[in-house]
Protein chains: 2
Amino acid sequence: MQLKNQVEWALHCCSILAGLPDGRYLDTKSLAQLHGVPKEYLSKALQALAKAGLVLSTLGPSGGYRLARAASGITFWDVVSAIEGPGPAFVCTEIRRNNPCRPKSTCDAKACIVARVMWEAEDAWREKLRGMTIAKLVDQVVEEVPADLMEATAVWVGERS
Amino acid sequence: MQLKNQVEWALHCCSILAGLPDGRYLDTKSLAQLHGVPKEYLSKALQALAKAGLVLSTLGPSGGYRLARAASGITFWDVVSAIEGPGPAFVCTEIRRNNPCRPKSTCDAKACIVARVMWEAEDAWREKLRGMTIAKLVDQVVEEVPADLMEATAVWVGERS
DNA sequence: TCCTTATGGACATATAATATCCTTAAAGGA
DNA sequence: TCCTTTAAGGATATTATATGTCCATAAGGA
Ligand code: FES
Ligand code: FES
């Protein structure tokens, strides 16, 4: 069980897009170069973000992507669920119904206890992700990443947006 | 991203093994029939549990599996990590190092913030799973599953253990 | 008109999940 | 001792998913 590598890409892209000058767009090519990932495949991830309403896109020269709303309004869960899908990681195939001792009449009012526990644990995970926004991420990045690298990246992005 | 179906199988098997008469073993064939899953593949899951020290096995007639310790000492996380491996679901491929603006000298004292957040969320998930034991599961099952089905299953298992 | 870009579909490849088969060795019973 | 039962584990097959590439199309800007 492993998350797609696109999740890492998408979160890093959002953090870059959050620093974009107002109204500007950054294109897929630049985002791909910046992170050293294949442009065509990254494009799929960005399309997923667009479909989820997290980013806006525009065509033509000076086109590309930007965040669809304030970075403080986009959570990690928004991004992760856009890439991975919102469904649960644990899927119950109702094996309890296969018990040969089970009378046909048995009705399953509630979901299986095993499934409920697994889903509760996932909820805790989701809740943590919902508690973290791209804005908070950027704050942390500013705090931890060397100033010269931040500055150089900002310039590099500025030239291309 | 999805957990293996063996996770569901393994947890249900543990709940059955927890109800086994003292010192008895239940074989793979019975566990497979009880849950309606392929015996050979379920066997791999049980082997994983054995390797993790959660169950004991014995050969020959009247052989099979039983829990290696009290059901109260086996958590959901024990089972999940035995099947899925203990590694994180989010894997960081250090794409931050691919930034073309980055000086060679840059050192990464701490893990990337994105990764740290993702791993923190996973910790919350793990913690929930660690808080639930097979014993608690059995308690819940006894409470929720119809008495006649519980009884019939106990008899069925008793005949085969 | 021409260039740039996102979109989306088709396609190819790699990896992981799911499943089956078969051989081996150990345990127990006759 | 011989035979049956069973777990262990390796080999293999099948399917699904992840990863990655390619191309045709439409739209925006110069
Ligand atoms: S039947 Fe699916 S988790 Fe119990
Ligand atoms: S470099 Fe891997 S999560 Fe940031």
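Note that the structure is a prediction, hence the values are computed from the model and not measured. Every chain is numbered from 1 and lettered A, B, ... according to where its sequence line falls, protein lines coming before strand lines.
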Whole-Å distance separating the [atom1] atom of [X] from the [atom2] atom of [N]:
X       : N      : atom1 : atom2 : result
A/Leu46 : D/dG20 : CG    : P     : 14 Å
B/Leu26 : D/dA7  : CG    : C1'   : 13 Å
B/Glu8  : C/dA17 : CD    : P     : 16 Å
B/Gln6  : C/dA19 : CD    : C1'   : 10 Å
B/Asp27 : D/dT4  : CG    : P     : 18 Å
B/Lys51 : D/dG9  : NZ    : C1'   : 9 Å
A/Gln2  : D/dA18 : CD    : P     : 11 Å
A/Lys44 : C/dG8  : NZ    : C1'   : 6 Å

For the side chain of [X], starting at C-beta, report the closest nucleotide among [options].
X       : options               : result
A/Lys4  : D/dA7, D/dT19, D/dG9  : D/dT19
A/Pro38 : C/dA19, D/dG20, C/dT7 : D/dG20
B/Ala50 : C/dA19, D/dA8, C/dA10 : D/dA8
B/Tyr41 : C/dG8, C/dA17, D/dA7  : C/dA17
A/Glu40 : D/dA7, D/dC23, C/dA6  : D/dC23

> Pick the nucleotide of DNA chain C nearest each of A/Gln47 and A/Met1; which residue has the one closer to the 5' end?
Replying inline: A/Gln47
> In terms of the nearest nucleotide of DNA chain C, which residue is placed more toward the 5' end: A/Ser43 or B/Trp9?
Replying inline: A/Ser43
Nearest atoms (heavy-atom pairs only) where [X] meets [Y]:
X        : Y        : answer
B/His12  : A/Arg96  : CE1-CB, 4.2 Å
A/Phe90  : A/Val114 : CZ-CG1, 4.2 Å
A/Met1   : B/Met1   : SD-SD, 3.2 Å
A/Arg126 : A/Asp123 : NH2-OD1, 3.0 Å

> Does any N or O donor sit under 3.5 Å from an N or O acceptor when you compare the side chain of A/Lys39 with the base of D/dG20?
Replying inline: no
>> Looking at B/Glu144 and A/Arg116, is there a salt bridge between them, counting it only when a charged N and a carboxylate O are closer than 4.0 Å?
In response: yes
> Is there a donor-acceptor contact under 3.5 Å linking the side chains of A/Thr93 and B/Asn5?
Replying inline: no
> Are A/Leu20 and A/Leu59 joined in one hydrophobic group, where the rule is that I, L, V, M, F, W and Y side chains link up if heavy atoms are under 4.5 Å apart?
Replying inline: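 In one cluster: no.
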>> Could you check whether any side-chain heavy atom of B/Ser30 comes within less than 4.5 Å of a side-chain heavy atom of B/Trp156, counting everything from C-beta outward?
In response: yes
> If only side-chain N and O atoms of B/Asn5 are considered, is one of them under 4.0 Å from the OP1 or OP2 phosphate oxygen of C/dA17?
Replying inline: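 Answer is no, no contact under 4.0 Å.
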> Which part of the nucleic acid, if any, lies within reach of B/Lys29 when heavy atoms closer than 4.0 Å are counted: base, sugar-phosphate only, or nothing?
Replying inline: nothing
>> Any base atoms under 4.0 Å from B/Thr28, or only sugar-phosphate, or nothing? Heavy atoms, all strands.
In response: sugar-phosphate
> Which nucleotides of nucleotides 25-30 of chain D have their base under 4.0 Å from a protein heavy atom (B), which only their sugar-phosphate (S), and which neither (-), written as one string 5' to 3'?
Replying inline: --BBS-
